[in-house]
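Shown below is the structure under consideration.
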Amino acid sequence: MNHRAIVSSLLLSLAMLAAAGVGADLPTSLPLAAVWPVDPAFLTPLTVEPAAVVVQPDGKILVGASMTFPFPGGLPQRGLVRLNRDGSVDPTFNVLGGVDANGGVDRFQLQSDGKVVVAGFFTHIAGVTLATPHRARLNPDGAFDPSFDATLGAPGQIPLAGGRSVKVTFENNVARFARLNADGSADPTYPPLSVVLAPPLSQTPPLLFDAPNYTALTSTVDAQGRIVVAASAYQQFGTITLYRNQSRILRLLADGTLDPAYAVATLPIPLDQIVAAHGKLAYVSTTRSSVYGSITTLTTGRLNPDGSVDGTDRAASVSAGVGEQLPVCRLLADGSTLVVTSGGVVRYGPDGLRDREFSAPLSPSPAGSQIRGLIPIPDGRLLVFGDFTALNGAPTPYLARLTPDTRASATRLTNLSVRQLAGTGNQTLIVGVVIAGQGTKSLLLRGIGPSLALFAVPNPLSDPQLAVFDAAGTLRLGNDNWADPGNAPGLAALAASAGAFPLPAGSKDSAIVAPLSAGSFTMHVGAVGGAAGIALAEGYDTDGLPPDANAVRVVNFSTRATAGAGNASLIAGFTLSGPGVKRVLLRAVGPSLAPFGVTGALADPILTLHAGSSIVAVNDQWGGDPALLAAFASVGAFGFTSPASADAALLLTLPPGSYTAVVTGVGATTGVALVEIYEVP
């Protein structure tokens, strides 16, 4: 991880990280792999094509379909269900029978507080007769939320830092904004905000194309933490609603207030999806040419930050006539685009060029079946759904999962950075490293203290000392000051080649080059006299790209420290380098440290993985997931105390890049936690 990555990944405020949100409408970057086979282990109870599918940040899947789902230990649920990550019915999401038989759920909207708004042609849900039919809100456990006001216009909810959010409602040509506290209550300190998106109606009833009726909302967070919002409109003609024909783009500051420096922009097309990436706004737009929808056109492209069209972009456009399927398109957080064609899924990079290394051929069965939905999921895999009963010969009716083949990838863990309080004795900062394979692995290890002042880190450790021990506890290597005579020659040049920020000449930071063979080692960063302070422990793989996945490599980094809230969070950055994706297991261990004699363990850790300012995945309690159990066994990790323990874990397939694992406690609690990062074979 270079010095810019350290600043952005380890020293970035948690408020900025939270502002990235958790909405499923902004999928994470999809890993790149040569082959994406259908996962035969993913099986669902679906017997009809789903009308709506959305994936929660924890990887569980909400499905709306006109069928009755078997519900373990309770009433069967009609119309909607939540599935576990393996496709089985989640019994903790109990909607008390589901929706009434005269309709179903065809839309979901996730909220940052875990609640979900459902919409469709129904008048009853969870045994409740709705005062305003067709829309309702459910609590995270599926219970009906009576506090939801379904009479307001179509809502959008944009997450902010600290669990707050901005709620957006439309009233024809006006967008109204309100800020909600973390508990969902209105924030009285938020100034009233209404934005006129189009001129008011001039006649009653309105003339043809008289005033757009704004009903669709999408948003994204740019590199400065500002929120770009796009509202798209339908034209009105009396009681007839025509198709969307324009959009308005505005910008909010990180606190949800309107950015006065941004001029509201107008585009002659609707915006279904937008993502801020590479200094541009990537978009997907769907337009229909007439009231009958005889011709539908899908367009992708990029906008400049001010909302104007980027004339240098390679925009793509495709149209479909009556009876023809318009390609399914999903925009990813890195600005690339996935498109389902007749032959499978293809990827276009942020530059608009076809990615020839990405291959996901799909053959739906029976003949004539179509894939109608495409959803990247938090663990790095891909969901597709449609009217098929089998995919590529595998019996996966109506909803299937694609899993990238990573077995031949030489991508490996190349860097770990942990920032934490370090001192003497029990306050020593300790990082574990496990190396596998035949041969010797060269690692650049650094214990940074004084140089953290360059990044405005308060109370840096004044004089760190670095030591490396093997599994038997034998001291193998050590260093006090990195520039000491006799230390590894060319250390500064080696650090530069590894992407590490330079250390000032004569500083008391420590560093050493460690040639290590297969085995387990610990790196200790302690204080030389004096008081404890903040230190940064780093490990860099300084070898070149290995020839294959079996070459000598680092397969595990770990560290144990006190984890709290805000600046006291336990933060570990790591980097994956290589040509393809890598399957990794991340764990935040709290309660399961007790059998090892650890006192004061964090009672309920939350594990959040970030890529820059974007949230990749979140887990609170691991829930005894069989896939996680299998991963524990495959990497040799110790088991948790029980399936009901409050420890957290994530099993993900990630593309090369820099990531940050953040461990905090539920309810801002504090305690000792162990964060682990494993390569999964």
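All values below come from the heavy atoms of this structure, side chains included, with hydrogens, waters and symmetry mates left out.
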Next item on the list: With Leu609 as reference, evaluate Ile677, Ile615, Leu654, Thr660 under the side-chain contact (heavy atoms from CB on, under 4.5 Å) test and give the passing residue.
Entry: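 Single side-chain contact (heavy atoms from CB on, under 4.5 Å) partner of Leu609 among Ile677, Ile615, Leu654, Thr660: Leu654.
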
Next item on the list: Side-chain contact test, heavy atoms from C-beta onward, threshold under 4.5 Å: evaluate it for Leu444 versus Leu491 and give yes or no.
Entry: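 Of all side-chain heavy-atom pairs linking Leu491 with Leu444, at least one is under 4.5 Å.
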
Next item on the list: Verify, without hydrogens or angle tests, whether Asn487 (side chain) and Trp482 (backbone) share a donor-acceptor contact under 3.5 angstrom.
Entry: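 Present.
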
Next item on the list: Would you indicate whether the side-chain heavy atoms of Val598 and Arg560 approach each other to under 4.5 Å?
Entry: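 A side-chain contact exists here, since the closest heavy-atom pair is under 4.5 Å.
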
Item checked: Partner of Leu466 by side-chain contact (heavy atoms from CB on, under 4.5 Å), out of Leu445, Ile448, Asn481, Asp509 ->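 Output: one option passes, namely Leu445.
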
Next item on the list: Please step through side-chain contact (heavy atoms from CB on, under 4.5 Å) for the pair Leu536 and Phe501, ending with a clear verdict.
Entry: CA-CA 12 Å; Leu536 180 70; Phe501 67 90; 4.2 Å; yes

Next item on the list: Check whether more than 12 heavy atoms from other residues, nucleotides or ligands sit under 6.0 Å from atom NZ of Lys441, and answer yes or no.
Entry: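 Above 12, so yes.
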
Check: Roughly how far, to the nearest 0.5 Å, is CZ of Arg381 from CG of Leu652?
Finding: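 Here the rounded value is 9.5 Å.
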
Note to self: Looking only at side-chain N and O atoms, does Ser558 offer a donor or acceptor that is under 3.5 Å from a partner on Arg587?
What the structure shows: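 Distance-only check fails for Arg587 and Ser558.
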
Check: Should Asp620 and Val666 count as side-chain neighbours, where that means a heavy-atom distance under 4.5 Å?
Finding: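 In contact.
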
Margin query: Testing Val468, Leu516, Val554 one by one against Val433 for a side-chain contact (heavy atoms from CB on, under 4.5 Å), which residue passes?
Written below: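 Per the side-chain contact (heavy atoms from CB on, under 4.5 Å) rule, the option paired with Val433 is Val554, out of Val468, Leu516, Val554.
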
Note to self: Strictly distance-based, threshold 3.5 Å: is any side-chain N or O of Thr440 a donor or acceptor partner for the main-chain N or O of Pro515?
What the structure shows: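 No: the side chain of Thr440 does not pair with the backbone of Pro515.
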
Check: What distance do Ser165 atom OG and Leu180 atom CG have between them, rounded to the nearest 0.5 Å?
Finding: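 If we round to the nearest 0.5 Å, Ser165:OG and Leu180:CG are 4.0 Å apart.
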
Next item on the list: Determine yes or no for a side-chain-to-main-chain donor-acceptor pair under 3.5 angstrom, with Ser642 supplying the side chain and Ala644 the backbone.
Entry: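 Side chain of Ser642 to backbone of Ala644: a pair is present.
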
Next item on the list: Kindly say whether Val616 contributes a backbone atom to a donor-acceptor pair with the side chain of Tyr659 at under 3.5 angstrom?
Entry: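 Not a single qualifying donor-acceptor pair exists.
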
Next item on the list: Apply side-chain hydrogen bond (donor to acceptor under 3.5 Å, both in side chains) to Thr608 and His610, showing your working.
Entry: CA-CA 7 Å; Thr608 305; His610 302 269; 5.0 Å; no

Next item on the list: May I have all residue pairs that pass ring pair (Phe, Tyr, Trp, His ring centres under 6.0 Å) and include part of residues 413-433, sequence neighbours excluded?
Entry: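 Output for this query is empty, none listed.
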
Check: Would Thr542 and Ser497 count as a side-chain contact (heavy atoms from CB on, under 4.5 Å) if you check the C-alpha gap in whole Å, the side-chain angles of each, and the deciding distance to 0.1 Å?
Finding: CA-CA 8 Å; Thr542 59; Ser497 67; 5.7 Å; no

Next item on the list: Could you check if a side-chain atom of Val589 sits within less than 4.5 angstrom of a side-chain atom of Trp622, using non-hydrogen atoms only?
Entry: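 Sidechains of Trp622 and Val589: no contact.
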
Margin query: For a 4.5 angstrom cut-off between non-hydrogen side-chain atoms, does His524 reach Phe469?
Written below: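 Sidechains of Phe469 and His524: in contact.
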
Check: How close do Asp647 and Ser645 get, heavy atom to heavy atom, and via which atoms?
Finding: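 Nearest pair, atom of Asp647 first, then Ser645: OD2-OG, 2.7 Å.
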
Check: Given side chains that start at C-beta, do those of Leu585 and Leu628 come closer than 4.5 Å, heavy atoms only?
Finding: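 They are in side-chain contact.
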
Note to self: If I compare all heavy atoms of Leu593 with all of Val672, which pair ends up nearest, and what's the gap?
What the structure shows: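 Heavy-atom minimum between the residues: CD1-O, 3.8 Å.
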
Check: Are any of the side-chain heavy atoms of Leu413 and Asp541 separated by less than 4.5 Å?
Finding: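 Answer no - side chains too far apart.
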
Note to self: Taking atom CZ as the centre, does Arg179 end up with more than 12 heavy-atom neighbours from other residues, nucleotides or ligands that are less than 6.0 angstrom away?
What the structure shows: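 Enclosed: over 12 neighbouring heavy atoms sit under 6.0 Å from CZ of Arg179.
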
Check: How many angstroms lie between CZ in Arg412 and CG in Asp543, if you round to the nearest 0.5 Å?
Finding: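 With rounding to 0.5 Å, CZ (Arg412) is 8.0 Å from CG (Asp543).
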
Item checked: Gap between atom CG of Leu461 and atom OG of Ser510 - 0.5 Å precision ->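 The OG atom of Ser510 sits 8.5 Å away from the CG atom of Leu461.
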
Margin query: Between Asn304 and Asp306 (side chain of the first, backbone of the second, donor and acceptor by atom type, cut-off under 3.5 Å), is there such a pair?
Written below: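 It does not hold such a pair.
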
Notebook entry, point to check: So, for Ala537 and Val431, which heavy atoms are closest and what is the spacing to 0.1 Å?
Noted result: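 Closest pair (atom of Ala537, atom of Val431, distance): CB-CG2, 3.9 Å.
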
Next item on the list: Identify the two heavy atoms, one from Ala282 and one from Leu331, that lie closest to each other, and give their separation to 0.1 Å.
Entry: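 Where Ala282 meets Leu331 most closely, the heavy atoms are O-CD2, 3.3 Å.
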
Check: Given side chains that start at C-beta, do those of Asp463 and Asp480 come closer than 4.5 Å, heavy atoms only?
Finding: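 The answer is yes, as the side chains (C-beta and beyond) meet within the 4.5 Å cut-off.
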
Check: Going through the distances and angles, do Leu651 and Arg583 end up as a side-chain contact (heavy atoms from CB on, under 4.5 Å)?
Finding: CA-CA 7 Å; Leu651 181 61; Arg583 196 85 164 144; 3.7 Å; yes

Item checked: Distance-minimising heavy-atom pair for Val662 and Ser569 ->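 Smallest interatomic distance, heavy atoms only, reads CG1-CB, 3.9 Å.
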
Note to self: If I compare all heavy atoms of Pro591 with all of Pro595, which pair ends up nearest, and what's the gap?
What the structure shows: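 Between these two residues, the closest heavy atoms are O-CD, 4.2 Å.
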
Margin query: For the CD atom of Glu676 and the CZ atom of Phe638, what is their distance to the nearest 0.5 Å?
Written below: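 The CD atom of Glu676 sits 5.0 Å away from the CZ atom of Phe638.
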
Notebook entry, point to check: Atom CG in Leu602, atom CG in Leu674: separation rounded to 0.5 Å?
Noted result: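 That separation rounds to 11.5 Å.
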
Check: Given Leu258 and Leu252, is the side-chain contact (heavy atoms from CB on, under 4.5 Å) satisfied, shown in steps?
Finding: CA-CA 4 Å; Leu258 188 66; Leu252 306 178; 4.1 Å; yes

